[in-house]
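Here the structure is a predicted model, which is why all the values come from computation and not from measurement. What you see below is based on every heavy atom in this structure, not just the backbone, and it leaves out hydrogens, waters and symmetry mates.
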Amino acid sequence: MSLNNQDAPLLEVRGLHKSFGDNEVLKSIDLTVKRGEVVTIIGPSGSGKTTVLRALNGLETADGGEILFDGGPELDFQYPIGSEHRYALRNRSAMVFQSYNLFPNKTVLQNVTEGPIRVKKTPKDQAIAEAEVLLERVGLREKRDAYPFELSGGQQQRVGIVRALALKPDLLLFDEPTSALDPELVGEVLQVIKELAEEGWTMVVVTHELSFARQVADEVLFIDGGVVVERGAPAQIFTKPTEARTAQFLDRLLNPLH
């Protein structure tokens, strides 16, 4: 991970478009992320938030638009995109999923070292040593030989975060990382993400935790209907939104009994 050239965009997304059959999920998404910056994406269910992340990680192939990483790859989706292009995206980014996505038949340590060993071709001894350091930092080194079913949801998600960090990506992608957790476990996961933000990791975080987004984000995007309705600094978005749809969405989340 590089934390230099803070003003240079690490990632630029231009006119990203994606449909599933007749359902136009993304109509035209523009996004710029600078190195060391945290961008949070908020919006209602079905607005296209997760599809944006999956396109950035090569898990979905967009129908149109461009994704440009500083130093490559540069993908223009008007042309055919092959497996090598998807691999190039995954080589720059790592995804933390809302449902953990750990291998149930592998230990915590095996889950964390799988990517570095198989994808990055890191020597096994090095991958294990680095994994143990990362597990220590999230308070899970003693769980290295445990299986996912032996962990709480919060512990599984912290392993998911460590698994992403072990790949040493330029960009961390979080897809609703606390949505599958019991309320009392949410804080332990958000604290880890907050610490990563403070350390200067570049992140795009899809979240419904508005207070968290307000604390950690450099920029907030409100997406609805496959477009960016509004973007801005947290103070502006959460206290003085300029778009009526943004204000309506925030009011419904902050005042659910109205």
* **Pairwise side-chain contact, V112 with V159, heavy-atom cut-off 4.5 Å (strictly under)** => yes

* To do: Answer yes or no: is there a side-chain heavy-atom contact under 4.5 Å between L68 and L75?
  => no

* Asked: Is a side-chain donor-acceptor pair under 3.5 Å present for K194 with Q215?
  -> yes

* **F69 and L10, any side-chain heavy atoms less than 4.5 Å apart** => yes

* State, yes or no, whether a side-chain contact exists between I161 and V189 at a heavy-atom distance under 4.5 Å. => yes

* Can you tell me if S19 and E24 form a side-chain donor-acceptor pair at under 3.5 Å? -> no

* Among side-chain atoms of T242 and E230, is any donor-acceptor pair under 3.5 angstrom? -> yes

* Any chance CZ of F20 has more than 12 other-residue heavy atoms, nucleotides or ligands included, within less than 6.0 Å? -> yes

* Indicate whether the side chain of N101 and that of S99 have a donor and an acceptor atom separated by less than 3.5 Å. => yes

* Any donor-acceptor N/O pair, E132 side chain to A129 backbone, under 3.5 Å -> no

* Asked: Are I237 and L254 linked, directly or through other ILVMFWY residues, by side chains that come within less than 4.5 angstrom of each other?
  -> yes

* Indicate if V52 and L173 have the same hydrophobic cluster label, given that clusters are the connected sets of ILVMFWY residues with side-chain heavy-atom separations under 4.5 angstrom. => yes

* Does CD belonging to E198 count more than 12 external heavy atoms closer than 6.0 Å? -> yes

* Any side-chain heavy-atom pair of V39 and M203 under 4.5 Å -> no

* Given D175 and T50, is the side chain to side chain donor-acceptor pair (under 3.5 Å) satisfied, shown in steps? -> CA-CA 6 Å; D175 182 19; T50 293; 2.8 Å; yes

* State, yes or no, whether a side-chain contact exists between R137 and L134 at a heavy-atom distance under 4.5 Å. => yes

* Asked: CG/L102 to OH/Y147 distance, rounded to the nearest 0.5 angstrom?
  -> 13.5 Å

* Does the side chain of L16 reach to within under 4.5 Å of the side chain of S28, using non-hydrogen atoms? -> no

* Kindly indicate, with the supporting measurements, whether the criterion side-chain contact (heavy atoms from CB on, under 4.5 Å) is fulfilled by L221 and T40. => CA-CA 6 Å; L221 271 63; T40 59; over 6 Å; no

* Should L167 and L56 be regarded as members of a common hydrophobic cluster, given that ILVMFWY residues are connected when their side-chain heavy atoms come within less than 4.5 Å of each other, either directly or indirectly? -> no

* Could you walk me through whether D224 and S47 pass the side chain to side chain donor-acceptor pair (under 3.5 Å) check? -> CA-CA 5 Å; D224 190 23; S47 59; 5.4 Å; no

* To do: Taking atom types as modelled, find out whether Q126 and E130 have a side-chain donor-acceptor pair closer than 3.5 angstrom.
  => yes

